[in-house]
Protein chains: 2
Amino acid sequence: MSSADTPSRARGASPGPQGARPPAARMRGSGLNRGDQLLFLTDAQLRQGVELMFFAYRDMIADADRVLETRGYGRAHHRCLHFVWRRPGMSVSELLDTLKVTKQSLNRVLRQLVEDGMIDSKVGPSDRRQRLLTATPEGEALVRSLSDAQNARMRRVFMEAGAEAVQGFKTVLADMIDEDSRESVLALVNDQPGA
Amino acid sequence: MSSADTPSRARGASPGPQGARPPAARMRGSGLNRGDQLLFLTDAQLRQGVELMFFAYRDMIADADRVLETRGYGRAHHRCLHFVWRRPGMSVSELLDTLKVTKQSLNRVLRQLVEDGMIDSKVGPSDRRQRLLTATPEGEALVRSLSDAQNARMRRVFMEAGAEAVQGFKTVLADMIDEDSRESVLALVNDQPGA
DNA sequence: CTTGGACAGTCAACAAGGCTGACGTAAAAT
DNA sequence: ATTTTACGTCAGCCTTGTTGACTGTCCAAG
């Protein structure tokens with residue numbers, strides 16, 4: 001079924017992942033639009049992308065884990081609290097849709113967070129079936145300390161990589177999101193908190 | 001070390017991945033072109049990076065999950081089998097180090113994979129304490145169908161984003177890896193399978 | 001040689017956080 | 001008014017993470 005070396009023709013290429021090695025053949029100015037270079041997208045190159053996602057995610061997550069551990073929370077609490085903070089007043093089902101987990105998984109950690117006073121849950125005014133969620137001041141404080149941990153890494157990386165690389169990074173990640181949810185996800189991601 | 005032309009000042013920043021909504025502070029028409037603007041690395045921009053990693057990883061992983069489900073395996077099996085396939089003959093502790101999980105988590109799934117004939121485990125010839133792991137033909141077949149699922153997404157994304165974006169993507173991810181393990185991880189990632 | 005420590009891997013028991021299914025209640029549809 | 005649908009909750013199961021105790025192997029000091 002597949003390919004050891006199926007080169008699918010594409011524009012795009014990336015000689016080596018990190019900037020440590022000098023870019024091999026760049027082929028600039030080939031006369032093609034947009035990404036410019038026409039080159040082979042081998043399975044090996046795609047595999048590199050997947051593996052890099054794994055390792056980067058693994059290490060990025062670890063920053064927050066260290067903070068969570070001191071509070072007795074896990075990753076599930078983090079995700080839940082983070083998005084509630086991002087969208088104050090969101091309902092449980094909106095949160096479910098964002099996290100793509102089941103109600104029960106969410107409910108367990110959500111209940112803890114409410115009991116612990118990190119999240120405030122109140123019955124929806126127009127639709128009383130809903131529970132509208134908001135982060136309390138304590139919840140916000142925790143979100144902030146979690147963000148700080150991860151932002152430190154991000155800040156270093158973004159500075160080292162430079163603006164163009166960061167732009168590319170964001171473009172690729174945005175494209176990687178399922179098309180169904182992409183629009184709403186990007187609306188969330190790009191929404192300014194203070195606004 | 002790793003990167004290209006990195007100024008110490010925050011050069012960088014990417015307004016938004018792609019416009020689902022033109023975010024505030026776009027600085028368009030400032031006379032500086034994209035990539036060259038010197039701009040502040042705000043917390044909001046860092047937060048976008050973290051959130052995009054979450055969503056992209058979530059959806060990327062889902063591709064493989066669908067395949068795994070049909071075989072009765074989970075993500076842990078996937079990771080384990082994948083890296084054994086990448087480094088035939090690797091020992092259990094090397095694998096532990098790659099995955100950064102504890103022995104027992106690994107051992108459970110590893111045992112299943114060995115029992116199911118996906119991985120071959122043999123005593124190390126020079127050091128009989130070691131168990132050297134290799135993917136069997138069946139294991140390789142499974143790895144391939146898992147890769148196919150994820151590569152389809154990667155291929156589309158890489159083509160759509162273009163070569164430069166892909167380059168930036170890989171640069172940023174590589175920088176995001178813990179410095180301690182970065183070198184060895186990149187050696188693994190960049191290692192060509194057929195070589 | 002042998003003994004003690006370090007290292008590789010295994011096994012047992014437990015916790016976190018996924019999942020499905022059953023259920024009560026509120027809103028909508030008939 | 002009654003059925004149907006949607007939202008949130010509760011109970012129970014399974015995967016996969018963790019720590020701790022254990023076996024077997026290697027190597028170095030006595």
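In what follows, chains carry the letters A, B, and so on, assigned in the order in which the sequence lines appear, proteins first and then strands, with residues in each chain numbered from 1.
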side-chain N/O A/Arg108 vs C/dA15 OP1/OP2, d < 4.0 Å: no

Residue A/Ser105, side-chain heavy atoms: nucleotide from D/dT9, C/dC19, C/dA27 that is nearest: C/dC19

Distance below 4.0 Å between B/His77 side-chain N/O and D/dT16 OP1 or OP2: yes

Separation of atom CG in A/Leu110 from atom P in D/dC7, rounded to whole Å: 16 Å

Flag if over 12 foreign heavy atoms under 6.0 Å of CD, B/Glu183: no

Length of the CG-P vector between A/Leu132 and C/dA26, whole Å: 16 Å

5' priority, DNA chain D, between B/Tyr73 and A/Glu69 [closest heavy atom]: B/Tyr73

More than 12 heavy atoms from other groups under 6.0 Å of NZ on A/Lys100: yes

Whole angstrom value for the distance that separates C1' of D/dT16 from CG of B/Leu113: 13 Å

No-H, no-angle donor-acceptor pair, B/Arg129 side chain to D/dC26 base, under 3.5 Å: no

Rounded distance (Å) that lies between atom P of C/dG18 and atom CG of A/Leu96: 12 Å

Under 4.0 angstrom between B/Thr102 side-chain N/O and D/dG17 OP1 or OP2: no

Short side-chain N/O contact to D/dG17 OP1/OP2 from B/Arg79, under 4.0 Å: yes

Nearest-Å distance for atom pair CZ/P, residues A/Arg128 and C/dA28: 12 Å

d(CG, A/Leu133; P, D/dC7) in whole Å: 14 Å

Side-chain N,O (A/Asn107) to OP1/OP2 (D/dG8) below 4.0 Å: no

Position toward the 5' end of DNA chain C (nearest nucleotide), A/Arg75 or B/Ser121: B/Ser121

B/Asp148/B/Arg155 salt bridge by N-O under 4.0 Å criterion: no

Atom-pair distance (CD on A/Gln130; C1' on D/dT9), nearest Å: 16 Å

Side-chain donor or acceptor of A/Ser91 paired with backbone N/O of A/Leu132 under 3.5 Å: no

Touch class at under 4.0 angstrom, heavy-atom based, for B/Arg111 against every strand present: sugar-phosphate

Sugar-phosphate only, base, or nothing, as touched by A/Gln104 at under 4.0 Å among non-hydrogen atoms: base

B/Asp175 with A/Arg156: basic N within carboxylate O range, under 4.0 Å: no

Heavy atoms of other groups near A/Glu115 CD, more than 12 under 6.0 Å: yes

5'-most by nearest nucleotide on DNA chain C - A/Lys103 or A/Ser126: A/Lys103

Separation of C/dG18 C1' from B/Leu68 CG (nearest whole Å): 15 Å

Touch class at under 4.0 angstrom, heavy-atom based, for B/Ser93 against every strand present: sugar-phosphate

